[in-house]
Amino acid sequence: MDANNQIISVNVEAPYNVTVGWNLLERLELPHKRVALIYDSKLPSSLVKKVSSHFELSIPLPSGEACKSLEVHAKVLSELAKHAFPRDAAIVALGGGATSDLAGYVAASYLRGVAFYNLPTSLLGMVDASVGGKTGVNLPEGKNLVGAFHQPRAVWADLETLQSLPERVWKEGMAEMFKHGLLEREAAVPRFFEKSDLEQPDFLSTLARSIRVKAEIVARDPFEAGERAHLNLGHTLGHALEWASNHSLSHGEAIGYGLLYAAILSRLENRSTWMGKAAEFLEWMRPSPLPTRNFEDLIPLMARDKKATSDGLKFVLLDGPGNPYTARVALNRQHQAFQEFLKVVDNIEQRASASRSLLPTPEVP
Ligand code: GLY
């Protein structure tokens, strides 16, 4: 084990480690005779081969959110059954957040639950989806509406897998790291790392710290009876935007927008002042355009948020970084916040297009 690798313990009922570092996949060894690898079919084939050579069966998945359906779930279960995978077999997920959500749900449901290991290959997967045992699929009616809590037995986050990540996908992960920093406290909000910072030692330690924020919350509240809902900061509007865009807006981009909206709601509700930081993040991220400017389109989508109870929808707000809480917010407040949100987004877009027009026009040879 490389001395620079970091290990984060997730102290749930069956504790497990998240190892973050370099060259982890080469040394993979699992205590199971039969293992099925479930992987994102768009990953570089050299990476898939490196891992699949250890295991008996490899099942490719449609890339991204397209794999998170009951149809794909049923197909993968049938594949395992055709190969008579037994109860002491294991599932290994290789891919981003969507792959681990689907593979984890397969592991949770096949034979009422088999062992599960995560090898996240996106920053978002490393910092969020691979840790904490939330697994599941989408329904036509909304995101993540079917699933189970099924903790992995171990997670190996090999930074080498991030080398081929497109810039836009890298920034998605930074949205979750930004969120974890806000949940920790103001001083913990990380600088916005570029992909070119991947090999810097402070990137590795910041990533490990961000995963630790999640691991500690999950250990205190594994089944989201209370505190774990704070990890959904920015997700109420974020999921609605992602769904309204039919996923042309990525999850991380939607969370970037959602964090700004949560910051504005927090300011209106409790005068909290982290909006500038959220706007700065969105300006750095340069997400795809909003799918709608009409709040009425988003209200029914937000009503299907998993944080909604029989008493209605709750938002996660921050009474300043480090002090999250959940609260109901009056509908007129939500509208008011959305109008302010649109103004901030418009300003950011205007600044971005002004800076683009200042760039020299490329010469035609
Ligand atoms: N992604 C939020 C959670 O795992 O609770």
Side-chain angles (χ1 to χ4, degrees), residues 8-16 18 20 64-65 68 93 95-105 107-108 116 118 120 122-138 142-152 154-155 157 169 172-184 207 209-243 247 250-259 262 302 304-309 313-318 324-326:
I8 300 114
S9 304
V10 188
N11 292 314
V12 286
E13 197 182 351
Y16 60 95
V18 182
V20 191
E65 287 291 312
K68 285 179 61 176
T99 305
S100 69
D101 283 3
L102 184 281
Y105 190 41
F116 171 48
N118 256 323
S122 71
L123 187 51
L124 192 141
M126 289 179 183
V127 83
D128 188 19
S130 67
V131 181
K134 275 192 182 173
T135 71
V137 296
N138 303 326
K143 198 170 152 68
N144 295 336
L145 294 186
V146 178
F149 286 99
H150 190 61
Q151 299 287 347
V155 181
V169 184
E172 279 200 69
M174 279 308 300
E176 296 286 358
M177 283 176 72
F178 175 52
K179 180 199 78 180
H180 288 169
L182 288 167
L183 291 176
E184 197 179 357
L207 174 60
R209 178 177 180 151
S210 187
I211 295 172
R212 194 165 286 115
V213 171
K214 172 151 188 184
E216 285 174 2
I217 293 176
V218 166
R220 289 193 292 268
D221 181 18
F223 299 109
E224 200 167 313
E227 184 189 359
R228 184 165 177 172
H230 297 162
L231 289 168
N232 290 316
L233 179 68
H235 283 55
T236 307
L237 185 77
H239 275 164
L241 288 171
E242 190 183 350
W243 205 249
H247 302 289
S250 69
H251 178 69
E253 289 177 320
I255 297 317
Y257 280 124
L259 288 170
M302 291 201 297
R304 290 180 209 144
D305 188 276
K306 290 190 303 329
K307 289 182 299 310
T309 63
L313 177 65
K314 282 183 174 172
F315 286 86
V316 184
L317 303 179
L318 274 188
Y325 64 101
T326 51

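Here the structure is a predicted model, which is why all the values come from computation and not from measurement. As the structure lists them, so they are numbered: ligands from 1, and atoms in each ligand from 1.
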Out of Glu172, Glu65, Glu176, which residue meets the side-chain hydrogen bond (donor to acceptor under 3.5 Å, both in side chains) rule with His251? Glu176
What closest approach, in Å, do Ala93 and Ser100 show between heavy atoms, and which atom pair accounts for it? CB-CA, 4.0 Å
Shortest non-hydrogen contact from Ala175 toward Gly252: CB-O, 3.5 Å
Which is closest to atom 2 (C) of ligand 1 in terms of heavy atoms, Ile217, Asp101, Leu231? Leu231
Protein contact to atom 4 (O) of ligand 1 [nearest heavy atom, distance to 0.1 Å]: Lys214 NZ, 2.6 Å
Which residue and atom name correspond to the protein heavy atom nearest atom 5 (O) of ligand 1, and how close is it? Arg228 NE, 2.7 Å
Note: Asp128, heavy atoms under 4.0 Å from ligand 1, region reported as side chain
Using only heavy-atom distances, determine whether the side chains of Asn144 and Lys134 contain a donor-acceptor pair under 3.5 Å. no
